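Okay, so here's the structure we're looking at.
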Protein chains: 2
Amino acid sequence: MTTPEGPARGVAGEAGGRRRPPTAQQFVLGELRRAITTGRLRPGDPIRQEALAEELDVSRVPLREALKTLQGEGLVTYEAHRGYFVERLSLDDLREVYLIRELLEAEAVRRAAGRIGDEALRAAERAQAEVEEAAAAGDVLAMAAANRRFHMTIFEASGLPRMVRMIRTLWDSTDAYRSVYYGEPANRERVIEEHRAALDLLRRRDAEGAVRVLAAHRAHAVTAIEAVLPGTP
Amino acid sequence: MTTPEGPARGVAGEAGGRRRPPTAQQFVLGELRRAITTGRLRPGDPIRQEALAEELDVSRVPLREALKTLQGEGLVTYEAHRGYFVERLSLDDLREVYLIRELLEAEAVRRAAGRIGDEALRAAERAQAEVEEAAAAGDVLAMAAANRRFHMTIFEASGLPRMVRMIRTLWDSTDAYRSVYYGEPANRERVIEEHRAALDLLRRRDAEGAVRVLAAHRAHAVTAIEAVLPGTP
DNA sequence: ATATTCAATATTGGATCCAAAATACAATGG
DNA sequence: CCATTGTATTTTGGATCCAATATTGAATAT
């Protein structure tokens with residue numbers, strides 16, 4: 001398998017663990033990913049290496065290696081001798097990411113439905129419980145994190161590690177935009193119901209049903225985001 | 001859009017242009033990609049930075065940045081404090097890559113069929129002519145390169161740049177294994193006929209027909225490779 | 001012989017320094 | 001006032017050096 005970076009990012013570590021990675025590049029990678037997906041570094045911003053390195057208390061070397069990784073993931077762009085910039089997604093880009101997700105996730109869910117075991121099902125149920133807790137508490141950030149765990153747990157049950165890695169990367173690249181979705185209480189409600197339906201179908205090994213529900217789930221998110229996006233493109 | 005590296009890799013530059021890139025990392029990236037996809041660096045090999053850097057006449061810094069890019073593409077793996085290794089694909093890995101390609105390329109071709117213009121069609125025909133020339137001359141390497149141009153030209157007509165980038169990366173990650181396919185004269189014959197059929201269907205805007213032909217085309221390649229692979233895994 | 005400990009060596013990770021390129025800005029000419 | 005040229009400054013790209021970690025191999029004990 002090809003794990004992109006050192007610390008476990010499997011079902012368990014989709015957010016939780018928080019001890020510092022064994023190399024500075026990995027530490028920086030995590031910090032940068034957070035800064036971008038949470039919007040602290042905003043789309044279009046140039047990334048000034050000297051300043052950022054100082055802020056993170058490392059030299060520019062590990063920072064640059066982390067940026068190369070993020071470039072591969074599409075979170076930043078690079079121009080020779082001009083540097084790195086936080087990727088700015090157009091509406092078309094966003095639609096394309098969701099189209100690709102549609103194709104990959106449908107297949108991942110289809111396979112997962114036939115293979116998912118009790119352990120993974122329970123992990124998904126646990127994640128769903130956390131989604132509902134966070135929603136009740138109005139904690140948007142926690143809800144997004146738990147939501148991600150929920151979906152990744154299912155995808156990982158597909159037994160297709162490369163596919164999961166690609167899906168995860170696609171999620172990362174739109175995190176900054178998706179966060180708005182959970183702001184709406186109505187959306188939070190709907191997410192919960194759709195998750196419950198999906199879980200139910202997975203328990204019954206209804207692959208096509210699960211695929212359908214999760215496709216609708218995604219479609220709701222994308223239309224909601226499209227409505228908001230024109231502000232940033 | 002998100003172009004992975006500086007020099008044009010579009011329809012034009014899928015192989016041709018050959019002047020040295022503006023940065024050492026990009027130069028090294030190209031050399032490394034070649035070394036891996038042609039099998040000069042073999043799957044499982046550790047990548048000794050000092051030696052390789054000296055061979056390419058650069059320092060380890062640009063080499064390491066190039067390796068990070070390749071890590072993102074799945075051509076090499078990385079372990080903290082142990083270094084980079086040429087990715088070794090198992091049979092399952094290979095099947096997974098082809099499954100993902102199946103999903104993405106089907107959609108890309110479907111869209112391309114509805115949008116492809118005269119210019120792109122002619123570019124594809126030109127690439128196909130080069131495929132046939134190379135096949136006649138028995139030049140396996142040239143045939144692989146022209147074949148790639150043929151397919152990428154079609155994919156690019158989809159108007160989905162991110163998708164094309166992902167497909168290209170997937171091709172890269174199996175290049176080292178695919179080369180064997182063109183060794184067989186019978187396979188070369190079949191490739192040519194399937195390409196002609198696909199071109200014909202595209203000209204008539206028959207999306208589903210083109211998707212079907214190219215899926216079969218892919219399937220032939222994967223079964224041929226599967227038969228050979230057990231030697232290396 | 002096999003396993004274990006500890007030193008010697010090789011290799012990667014990161015910081016600093018200098019070179020090269022791009023950008024910002026002032027001076028000059030139209 | 002606007003455009004243009006040349007210069008100063010900023011920023012990135014890359015080389016070298018040192019530190020941290022992993023690997024190797026010899027010596028010792030079981």
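What you see is a predicted model, and the numbers here were worked out from it, not measured in a lab. Every chain is numbered from 1 and lettered A, B, ... according to where its sequence line falls, protein lines coming before strand lines.
- Note on residues 58-72 of chain B: pairs passing salt bridge (Lys or Arg N to Asp or Glu O under 4.0 Å), not counting sequence neighbours, are Arg64(A)-Glu65(B), Glu65(A)-Arg64(B).
- A search for ring pair (Phe, Tyr, Trp, His ring centres under 6.0 Å) contacts involving Tyr182(B) returns nothing, not counting sequence neighbours.
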**Request:** Apply side-chain hydrogen bond (donor to acceptor under 3.5 Å, both in side chains) to Arg178(B) and Thr174(B), showing your working.
**Result:** CA-CA 6 Å; Arg178(B) 193 165 48 255; Thr174(B) 53; 2.8 Å; yes
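- Asp139(B) meets the salt bridge (Lys or Arg N to Asp or Glu O under 4.0 Å) test with no other residue; sequence neighbours excluded.
- Put simply, chain A comes within 4.0 Å of DNA chain C, heavy atom to any atom, from dG13(C) to dT23(C), going 5' to 3'.
- Remark: Gln128(A) engages Val131(A), Glu132(A), Phe150(A), Ile192(A), His195(A), Arg196(A), Leu199(A) in a side chain to side chain contact (heavy atoms under 4.5 Å, CB included) (not counting sequence neighbours).
- In terms of the side chain to side chain contact (heavy atoms under 4.5 Å, CB included) criterion, residue partners of Glu31(B) (sequence neighbours excluded) are, by chain and number, Phe27(B), Arg34(B), Leu56(B).
- Under the side chain to side chain contact (heavy atoms under 4.5 Å, CB included) criterion, Glu133(B) pairs with no residue, sequence neighbours left out.
- Every salt bridge (Lys or Arg N to Asp or Glu O under 4.0 Å) that Glu55(A) has, sequence neighbours left out, goes to Arg40(A).
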Show me the donor-acceptor pairs within less than 3.5 Å that the side chains of residues 114-125 of chain A make with the rest of the protein, sequence neighbours left out.
| from | atom 1 | to | atom 2 | distance (Å) |
| --- | --- | --- | --- | --- |
| Arg115(A) | NH1 | Ala157(A) | O | 2.9 |
| Glu125(A) | OE2 | Arg203(A) | NE | 2.8 |
| Glu125(A) | OE2 | Arg203(A) | NH2 | 3.0 |

**Asked** Taking protein heavy atoms under 4.0 Å as touching, what does nucleotides 6-11 of chain D look like 5' to 3' if B marks base contact, S marks sugar-phosphate-only contact and - marks none?
**Response** -----S
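- Residues that satisfy the side chain to side chain contact (heavy atoms under 4.5 Å, CB included) test with Thr169(A), not counting sequence neighbours, are Glu73(A).
- A heavy-atom distance below 4.0 Å to DNA chain C is reached by these residues of residues 53-66 of chain B, ordered by number: Arg60(B), Arg64(B).
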